[in-house]
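Inspection log for the structure reproduced underneath, given as structure tokens.
For clarity, every value in this text was computed on a predicted model and none was experimentally measured. Just so it is clear: chains get the letters A, B, ... in the order the sequence lines come, proteins before strands, and each one is counted from 1.
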Number of protein chains: 2
Amino acid sequence: MPSTTRRAAAAIKTPAEPEGLPQPLPEPPVGDLRLETVLGALSDPLRLTIVRKLLLESEQFDHPCGWFGLDRPKSSLTHHFKALREAGVTRQRQYGLERRSQVRVDDLNERFPGLLDLVAAWMPEPQ
Amino acid sequence: MPSTTRRAAAAIKTPAEPEGLPQPLPEPPVGDLRLETVLGALSDPLRLTIVRKLLLESEQFDHPCGWFGLDRPKSSLTHHFKALREAGVTRQRQYGLERRSQVRVDDLNERFPGLLDLVAAWMPEPQ
DNA sequence: TTCTATGTACGAGTTTCATCGTACTGCATG
DNA sequence: CATGCAGTACGATGAAACTCGTACATAGAA
């Protein structure tokens, strides 16, 4: 098979980055973020857990998906991390084998001010 | 069949109201509102349209669902209005034949401050 | 090179949801 | 009483989405 194994998601482009970081994976540009899509991505307890943990405990940097300690099969986690990235909630970069995630705080605060505060204040349903 | 035709949705109770208004239909109490549920209810363009229109044009009162001018079959509208009410986003009261909706502004601002501002600022996707 | 660790791709099973046609209820009016 | 009207209830259909097993790809270390 050719080297173009990558499949392009519709209306998703890869932005450039100033630092020496790895290129982010394909993600929607800020201007294309849609409230209904972002809310849909956040309407799931597992994904809320991920985003909230990134917001509260990330210490200014991104994390591989093992860091979250989620008790789910790897393929399930891939699914949810991809959903968050494609909705524009997170940015993912490839560090060797690891694919680390961070919340697009600036982009989300610009487009949907206050939304991340609600996520940070969220608490999972008791039991 | 007996007069108890009403089916009780799980964990939904009917609160009391001070004024001479008709009783609201069953809805979750403020304390039971869940962020993930509310976001899920708002992650749909049609429902965002409904809530935004209520927020911006309601003139302090509630409206029957014909007022929205939505070009959908009646049974579809029933479905979406019920989804909004059961998520706790709207309150519905029966006025004779009409079932009118209003946004639970105070409840939502108490539990999820800023969320309704995002809905009010939302714009439907062009085209 | 082989082994391990991280994570993806694909596909199947299941569930949930959106959509909508049809039949029905209940009020109001002639 | 008959009709019209606002809206529900129910059921079917089709499309997403969640979950997860399995197989695969790749980087780094022994």
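Bending across the helix from dT1(C)-dA30(D) to dG30(C)-dC1(D), expressed as the angle between its end axes from five pairs apiece, amounts to 10° (10° rounding).
Distance, Leu70(A) CG to dC18(D) P: 15 Å, rounded to whole Å. Put simply, CZ on Phe81(B) is 9 Å from P on dT8(D), counting in whole angstrom units. The CG atom of Leu77(B) sits 12 Å away from the P atom of dG21(C) (whole-angstrom rounding). The distance from atom CD of Glu86(B) to atom P of dA18(C) is 12 Å, rounded to the nearest whole Å. Remark: P of dC18(D) and CG of Leu84(A) are 10 Å apart, rounded to the nearest angstrom. Taking atom NZ of Lys82(B) as the reference point, atom P of dC17(C) lies 12 Å away to the nearest angstrom. Distance, Arg100(A) CZ to dT6(C) C1': 11 Å, rounded to whole Å. Taking atom CD of residue Gln94(A) and atom P of nucleotide dA27(D), one finds them 9 Å apart after rounding to whole Å.
Taking Arg111(B) as the reference, nothing meets the salt bridge (charged side-chain N to carboxylate O under 4.0 Å, His left out) condition, with sequence neighbours excluded. For Pro113(B), the side chain to side chain contact (heavy atoms under 4.5 Å, CB included) test picks out Leu118(A), with sequence neighbours left out. With sequence neighbours left out, Asp44(A) forms a salt bridge (charged side-chain N to carboxylate O under 4.0 Å, His left out) with no residue at all. Under the side chain to side chain contact (heavy atoms under 4.5 Å, CB included) criterion, Ser43(B) pairs with Leu39(A), not counting sequence neighbours.
Contact between Pro28(A) and Leu33(A) at its shortest, heavy atoms only, is CG-CD2, 3.9 Å.
Residue Arg47(A) places at least one side-chain N or O closer than 4.0 Å to OP1 or OP2 of dC18(D). Side-chain nitrogen and oxygen atoms of Thr78(A) include at least one within less than 4.0 Å of the OP1 or OP2 phosphate oxygen of dT8(C). At the phosphate of dT8(C), OP1 or OP2 sits under 4.0 Å from a side-chain N or O atom of Arg99(A).
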Distances under 3.5 Å only, N/O to N/O: pair up the protein atoms with those of nucleotides 19-23 of chain D.
from    : atom 1 : to       : atom 2 : distance (Å)
dT19(D) : OP1    : Arg72(A) : NH1    : 3.4
dT19(D) : OP2    : His80(A) : NE2    : 2.4
dG21(D) : N7     : Ser75(A) : OG     : 3.1
dG21(D) : O6     : Ser75(A) : OG     : 3.0

Hey, mind stepping through Leu35(A) and Met123(B) against side-chain contact (heavy atoms from CB on, under 4.5 Å) and telling me if it holds?
CA-CA 9 Å; Leu35(A) 181 62; Met123(B) 289 292 281; over 6 Å; no
How far apart are the C-alpha atoms of Arg99(A) and Gln94(A), what are their side-chain angles, what is the distance that settles it, and do they pass the side chain to side chain donor-acceptor pair (under 3.5 Å) test?
CA-CA 4 Å; Arg99(A) 182 169 290 194; Gln94(A) 194 82 33; 2.9 Å; yes
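Residue Thr90(A) is tested with Arg85(A), Glu27(A), Lys82(A) for a side chain to side chain contact (heavy atoms under 4.5 Å, CB included); the sole match is Arg85(A).
A side-chain donor from one of Arg93(B) and Gln102(B) sits under 3.5 Å from a side-chain acceptor of the other.
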